[in-house]
Amino acid sequence: MTADIYKPLIVQSDMTLLLETNNASYESARDELSAFAEMVKSPEYVHTYKMTSISLWNAASAGVKSTDILASLERYSKYPISQTVIARLTQISDRYGKVRICKEQDELFLETDDLYIMAQLCAEKSVSKFFVNPPQDTRVKINAVFRGHIKQALMNIQFPPEDLAGYADGEALLFDLNNTVFQLRDYQRVAVCAFRAGGKGDHGVIVLPCGAGKTIVGIKAMAELKTETLILTTSITAVRQWISELLHKTNLSPELIGEYSGEKKDIKPITISTYQIISAKDRAGEQNHFKLFSERNWGFIIYDEVHTLPAPVFRITAELQAKRRLGLTATLVREDGHETDVFALIGPKRHEMSWKVLEGQGWIAQAECFEIRIPLPNDLKMPYAIAPKREKFRIAAENPAKLPIINKLLTKHKDAHILIIGVYLQQLEHIAKTLSVPIITGKTNNKDRETLYTRFKNGEFSILVVSKVANFAIDLPDANVALEVSGSFGSRQEEAQRLGRILRPKKDENKAYFYTIVSRDTREEDFSMHRQLFLTEQGYPYKIIGPEEDEK
């Protein structure tokens, strides 16, 4: 086997791809691979990608055929591609669209061109239970109410359907963008075009880094669809940020925009709510707020931070497949493995932009990540040794030796806007009291939260302690240093969101610094390594340092 040493790619039989970064063809190869493979890790010299069922189906949904993928691999591969890879790639990729959901008049049908496939579907009870009557050759009528459920069932048996049934228009809502302040960046324009797919898309997910302007993408999509819209997000703070952005960047009047939250229940042509209120149960165990989905003739639903979508909203979304749907997120990583449900119920990934590419273009801040490892104090070593596993993590996370490190970092970054982030309230309250700085937790009412966020943005104080409530959708553009003192075990999603709090582009030096402080030789160190995986995949290496090095 002769290698073409001038090519940057090695295609391995397990469907992984190794891409050399110091090759002249690296950038063009990277751009092509991103269309059909998921990045696994990206250290300095060789990046690893993986072709998975979801990545190949995402590509197929965007019109990238198996022959196109093979052509890309052959263009960049040092070695001939094994027959195993060719067969597996072709089999997985070509399964997308073998089954189609179509609409005729007001009835839905499941169609295929292959009698053998229809026989398989009939034999699968998880699929055939949604048939209204026996199939006629390669076509069978299905109940429109179960459009989402049958898509999930088909995904589970490796037949991702192409949904061609279209959408209800919803109630029209005409408005214009305020072009004096609404500026669409090139990558945002590409994202909207990918979502619309020439009018044939209008369902799917856009993946952009924190601080890259996902809200702008959502507003542009709304302006193109011009229909009543329901927006779901993670918190009341995020709800009000959406309202502020809509009022600032469009000619929509306040009377057309409603907040549906624990504090208000306004339902307007554009309504913004939270996943928490939608999923909330009353004393009888009923989820009465689900009625919001049928209160108006919505033509469009936006799922902000779609990677956090809770199970109850997945369930109701399965019944909303006649609505246009847009998911926005910085990462599709889900620790529960429900990425396939996002694909089936919201739609395929339509566009993704590399964090490092946007950093290189200056659209997000350049970030440096550090892990500071400190020892447990002697008086905690024995309690840690005999504690149950879960309690071990908490002892390590609340290590009091972290406070002197925090003080050193505050001195080092004395002119910065700093967020101190953690999960354990007792620890955070102690830090805030010791430093005499404000704190925001789940106990802080919404009015006080907004006041503190505003004062921080205005520069009235430069240090803010925050709990998990600040993980998502908080607009603090001047924050440029984050100190993570405790995390949610091994959540990659949380780590990415926390770095995202400091990635918005800066007016002066476009730099940000992310420190995570962990107890050495403990379970916290193990979980920290897992939390960092997504960010290291995106090209953010963590410099591991000891407590004596943080002053350098």
Side-chain angles (χ1 to χ4, degrees), residues 35-36 51-69 89-122 124 126-128 130-132 135-168 193-206 300-301 306 314 317-327 332 339-352:
F36 56 83
M51 293 184 290
T52 66
S53 296
I54 291 292
S55 73
L56 292 171
W57 294 338
N58 275 321
S61 72
V64 181
K65 300 178 181 178
S66 58
T67 51
D68 301 323
I69 296 172
L89 185 160
T90 302
Q91 178 192 37
I92 295 170
S93 176
D94 291 356
R95 279 204 164 205
Y96 177 82
K98 289 285 188 184
V99 178
R100 302 176 297 278
I101 298 175
C102 304
K103 188 175 183 180
E104 189 174 294
Q105 296 178 343
D106 290 327
E107 296 182 330
L108 287 192
F109 295 88
L110 200 63
E111 296 182 348
T112 177
D113 297 327
D114 192 326
L115 279 169
Y116 174 64
I117 291 177
M118 182 56 73
Q120 291 181 69
L121 301 184
C122 291
E124 290 284 349
S126 64
V127 175
S128 60
F130 298 112
F131 295 176
V132 173
Q136 299 295 316
D137 295 326
T138 57
R139 192 181 202 221
V140 63
K141 183 179 176 182
I142 59 175
N143 191 326
V145 172
F146 299 115
R147 181 171 166 182
H149 300 84
I150 199 167
K151 286 162 74 172
Q152 285 179 294
L154 288 165
M155 288 281 295
N156 289 338
I157 63 168
Q158 303 291 294
F159 276 111
E162 185 175 10
D163 190 342
L164 303 173
Y167 309 98
C193 289
F195 169 69
R196 298 297 324 278
K200 298 178 181 179
D202 294 342
H203 68 292
V205 178
I206 300 298
F300 189 28
I301 301 177
V306 69
F314 268 132
T317 299
E319 300 170 12
L320 294 170
Q321 298 299 295
K323 310 291 185 183
R324 291 172 171 86
R325 304 172 304 283
L326 170 62
L332 273 172
E339 291 91 346
T340 55
D341 283 336
V342 174
F343 184 102
L345 300 179
I346 308 300
K349 181 174 66 179
R350 297 294 186 185
H351 183 71
E352 181 172 15

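Keep in mind that this is a model prediction, so the values were computed, not measured. As a basis for the values below, the full set of heavy atoms in this structure was taken, side chains included, without hydrogen atoms, waters or symmetry mates. One is the number of the first residue; the rest follow in order along the sequence.
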| Beyond-backbone contact of Phe300 with Asp202, side-chain heavy atoms, under 4.5 angstrom | no
| query | Would Arg100 and Glu162 pass as an ion pair if we require N to O under 4.0 Å? | reply | no
| Passes side-chain contact (heavy atoms from CB on, under 4.5 Å), Tyr96 versus Leu56? Steps please. | CA-CA 9 Å; Tyr96 177 82; Leu56 292 171; over 6 Å; no
| said: Minimum heavy-atom separation for Met118 and Asp137, please, with both atom names. | reply: CG-O, 3.5 Å
| field | With Asp163, the salt bridge (Lys or Arg N to Asp or Glu O under 4.0 Å) member among Lys151, Arg324, Arg325 | value | Lys151
| Counterpart residues, ring-ring contact (aromatic ring centres under 6.0 Å, His included), relative to His149 (two or more places apart) | Phe146
| note | The reported gap from CD1 in Ile157 to CZ in Arg95 (rounded to nearest 0.5 angstrom) is 8.0 Å
| said: Would you compute the distance between atom CD of Gln120 and atom CZ of Phe159 and round it to the nearest 0.5 angstrom? | reply: 4.5 Å
| task | Sort out for me which residue in Ser55, Ser53, Pro160 forms a side chain to side chain contact (heavy atoms under 4.5 Å, CB included) with Ile92. | result | Ser53
| task | Carefully, step by step, assess Ile150 and Asn143 under the rule side-chain contact (heavy atoms from CB on, under 4.5 Å). | result | CA-CA 9 Å; Ile150 199 167; Asn143 191 326; over 6 Å; no
| Derivation of the side-chain contact (heavy atoms from CB on, under 4.5 Å) call for Ile142 and Arg147 | CA-CA 8 Å; Ile142 59 175; Arg147 181 171 166 182; 5.6 Å; no
| query | Could you state the interatomic distance from OH (Tyr116) to CG (Leu121), rounded to the nearest 0.5 Å? | reply | 11.0 Å
| Nearest non-hydrogen partners of Lys65 and Ser93, listed with the distance | C-OG, 4.3 Å
| query | Looking only at heavy atoms, what is the nearest atom pair of Gly204 and Phe195, with distance? | reply | N-CE1, 3.9 Å
| note | All heavy atoms of His203 vs all of Gly347, minimum pair found to be CD2-CA, 3.8 Å
| field | Distance in Å, Leu326 CG paired with Ile301 CD1, rounded so as to fall on 0.5 Å steps | value | 11.0 Å
| query | What pairs with Glu352 under salt bridge (Lys or Arg N to Asp or Glu O under 4.0 Å), at least two apart in sequence or on another chain? | reply | Lys349
| remark: When rounded to the nearest 0.5 Å, the distance separating SG of Cys102 from CG of Leu164 is 5.0 Å
| said: With a 3.5 Å distance limit and no angle check, can you tell me whether Thr138 reaches the backbone of Glu111 through a side-chain donor-acceptor pair? | reply: no
| query | Do you know the tightest heavy-atom contact between Thr317 and Leu345? | reply | CG2-O, 3.7 Å
| note | Hits for salt bridge (Lys or Arg N to Asp or Glu O under 4.0 Å) against Lys141, two or more places apart or cross-chain, chain-then-number order -> Glu107
| remark: CG (Leu89) and CZ (Phe36) are apart, to the nearest 0.5 Å, by 7.5 Å
| Are any non-hydrogen side-chain atoms of Met155 and Trp57 less than 4.5 angstrom apart? | yes
| field | Heavy-atom closest contact (Ala165 atom, Lys103 atom, distance) | value | O-CD, 3.4 Å
